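Nothing here was measured: the structure is a model prediction, and the numbers come from that model. Order of the sequence lines fixes the chain letters, A, B, ..., with proteins taken first and strands second; residue numbering starts at 1 for each chain.
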2 protein chains.
Amino acid sequence: MVSIKDVARDAGVSPQTVSNCINNPDIVKPATRELVAASIKRLKYTPNASARRLRMQRSNTIAIGIAPTSRSQVYDRLLHALVTEADARNIRVTLYKTDSHQDEIRQFAALSAQGDVDAFILTDTAHGDPRINWLNEHRQTFVLFGRPWGLDDMYDPSVPWVDVDGRHGIADMAQYLILHGRKHIGFIGWPGLSGTGNDRRMGWQDVMLGARMATEDELDTLSDTAEDEIFSAQIACTRLLERRPDIDAIICVSDTIATGARLALAAGSGDDGIAVSGFDDTATAESMGLNSIAQPLTESARELMRIIQERLDAGPDLQNGVDDCHVLLPPKIIIR
Amino acid sequence: MVSIKDVARDAGVSPQTVSNCINNPDIVKPATRELVAASIKRLKYTPNASARRLRMQRSNTIAIGIAPTSRSQVYDRLLHALVTEADARNIRVTLYKTDSHQDEIRQFAALSAQGDVDAFILTDTAHGDPRINWLNEHRQTFVLFGRPWGLDDMYDPSVPWVDVDGRHGIADMAQYLILHGRKHIGFIGWPGLSGTGNDRRMGWQDVMLGARMATEDELDTLSDTAEDEIFSAQIACTRLLERRPDIDAIICVSDTIATGARLALAAGSGDDGIAVSGFDDTATAESMGLNSIAQPLTESARELMRIIQERLDAGPDLQNGVDDCHVLLPPKIIIR
DNA sequence: CTGTTAGCGCATTCAT
DNA sequence: ATGAATGCGCTAACAG
């Protein structure tokens, strides 16, 4: 294990100069800088992370939870985007398990007390989420991926978030379909009052009413709901078409539901020409030739990291509100 | 930030005694031990991980890669199992990106040089994998999840692995189906020569021949292949049934393919009574009511961690072969 | 059984 | 512009 001292000896300078060459290159004479650089390269020196962390009192590490059973089809991709963005900033990403909110808070406590982590990224936040309170009370840096739908003030600067504008994405898709001659566009959403699901339905509704493709009353007959699984979606789609045989396009709240819809259609009249679109641009959507809406995960990861870094650099003084800490990103419609 | 000194002062002992209470409780008098324990609790002391890591020259952290687009449906669950098992051993799990083998090796180099990580877990290893050579040459501890199919000697002690016995699982499923009166069991696999895919097909073949449910020649007409997507699987299934209308059960190499098969059957004759089984016991399989084969991910994670820890504890001296470092775990058939 | 000393590798004072 | 000292928090080796 080669340390800063070895480099210093090799280059004939003091350890501090080597340190400066790495962290503050400007204040060292170019000649010595190159000398040191050569030694670093020759000895394959890399600063020891633990020592640096101990000295700096900062872990350069963020944490994100992993649930027993992943809810999202895009979680892998989010993780990859996050790791990529973190890597570019020389930050590590560690996982912690989230078996329950209670368990997750235990993890917060352990990871922050041990100085293992500088910040947390939370997903699937719900109304009255105890995690948010805990983190704020313990002055831990964090960002949500996904809006905190139930919160009184969604733009509270003490609860930063990054999210994808599903409503906008669905609206874009509806616009596109209308532009390409579709007249009767149905919608299959999730049952219940999911913030995300409701937001996406609004996108469809916005366009249908705005373009006068449907009246308020008609919206109910033009839409249906299904659990997020293929089978349930098939049934919903069949039901929808029985009610409205004039439908020439169906927008679905997820790729899974879109898959079910497409299969219901195929089982029915064969080549029906009905356009089906989903959400998340998963491998399934691609292989089934479905339209879909792609979340900008790379940009999301970039924004998440930006907010975290700004908050960390701002120090523990509550510099809230100075940064742009509520970011809504537009997704991209994928036409196949 | 409360340190070991604060606890020592509070308890009226030396820092070393506090350290002993935590790491070597046996050598400290019970009375003082409780005294210290009380102080620790009162001050909410937690040892600083970076300091300990620096002192111990060990990171207590393992790394696992995350690919841009996840190949496996069970990766999330593997990660969760791994984090859970690591957590129990007070070990952290960090992610690194694996855009290519070359990139992955760069990550190995960076993470190990910085002392960020003690060991790596590799997935999707293929013949002549350069990563394995690099890790062995640089004396890095690692374990594969999944057998290194192409390797000359799969039981080389310098290449430890943990894997799930897909052949065995598929064979169990075939046995079960025969036991329940199925006579003509088809198989849909992946095209090409995937080690995993071929292994699973062997499980089916073993039982079919062993139970004299098919002759060697028949195996080809009883099986087909499809890419790992619903659409391709539908076509393969249809083709298979045209060739062999007598089939009363289909075993598929994955849940995705099983889904396609089930849909092809539904589109055909309605309630056909044909049993369809997949692999991985994903949410899709459950929602479609498919039989499936569940990988023992918790046990896999446990074995992976065991091997890593044994190797780390053995020190850098090549203690290879002393531990049981090639583990094949039986999966569980799920009947619905 | 407990306290003292020392050092893991680094970066931030302060001198020069 | 560079070097010498100091300490981040912890534990291993010794001394008592």
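- In this structure, Val13(A) and Val36(A) have side chains that are in contact, with non-hydrogen atoms separated by less than 4.5 Å.
- At whole-Å resolution of the value, CZ in Arg9(A) and C1' in dG3(D) are 16 Å apart.
- Among the protein residues, Pro47(B) comes within range of the sugar-phosphate backbone only, with heavy atoms under 4.0 Å from sugar or phosphate atoms but none that close to a base.
- Within the structure, a side-chain polar atom (N or O) of Thr17(B) is placed less than 4.0 Å from OP1 or OP2 of dG3(C).
- dC1(C) atom P lies 17 Å from atom CG of Asn23(B), rounded to whole Å.
- One interatomic measurement links the two molecules: CZ of Arg53(B) to P of dT11(D), which rounds to 12 Å at whole-angstrom precision.
- Residue Asn48(B) has no polar side-chain atom (N or O) positioned under 4.0 Å from OP1 or OP2 of dC10(D).
- Comparing dG7(D), dA1(D), dG9(D) against the side chain of Arg55(A) picks out dG7(D) as the nearest.
- The side chain of Gln16(A) sits closest to dA11(C) out of dA11(C), dC10(C), dC10(D).
- Two residues are said to be in side-chain contact when any heavy atoms from C-beta on lie closer than 4.5 Å; Pro148(A) and Met154(A) meet this criterion.
- dT11(D) atom C1' lies 10 Å from atom OH of Tyr45(B), rounded to whole Å.
- Side-chain atoms of His138(B) come within 3.5 Å of backbone N or O of Trp134(B) as a donor-acceptor pair.
- Counting only heavy atoms from C-beta outward, the side chains of Asp99(B) and His80(A) approach each other to under 4.5 Å.
- The separation between Arg58(A) atom CZ and dG9(D) atom P is 16 Å, rounded to whole Å.
- Here the P atom of nucleotide dC8(D) and the CD atom of Gln57(A) are 9 Å apart, to the nearest Å.
- When the nucleotides dA12(D), dT2(C), dA11(C) are ranked by their closest atom to the side chain of Ile4(A), dA11(C) comes out on top.
- In this structure, Thr61(B) and Asp118(B) have side chains that are not in contact, with every pair of non-hydrogen atoms separated by 4.5 Å or more.
- Atom pair Met1(B):CE and dG7(D):P shows a separation of 20 Å (rounding to whole Å applied).
- In this entry the distance linking CG of Asn20(A) with P of dG9(C) reads 19 Å, nearest Å.
- Thr32(A) comes within 4.0 angstrom of sugar-phosphate atoms only, judged by non-hydrogen atoms across all strands, and of no base.
- Heavy-atom distances to DNA chain C give each of Arg52(A) and Lys5(A) a nearest nucleotide, and the one nearer the 5′ end belongs to Lys5(A).
- As judged by a 4.0 angstrom heavy-atom cut-off over every strand, Asn24(A) is placed among residues making no nucleic acid contact.
- Side-chain atoms of Ser3(B) lie closest to dC10(D) of the nucleotides dC10(D), dT2(D), dG9(C).
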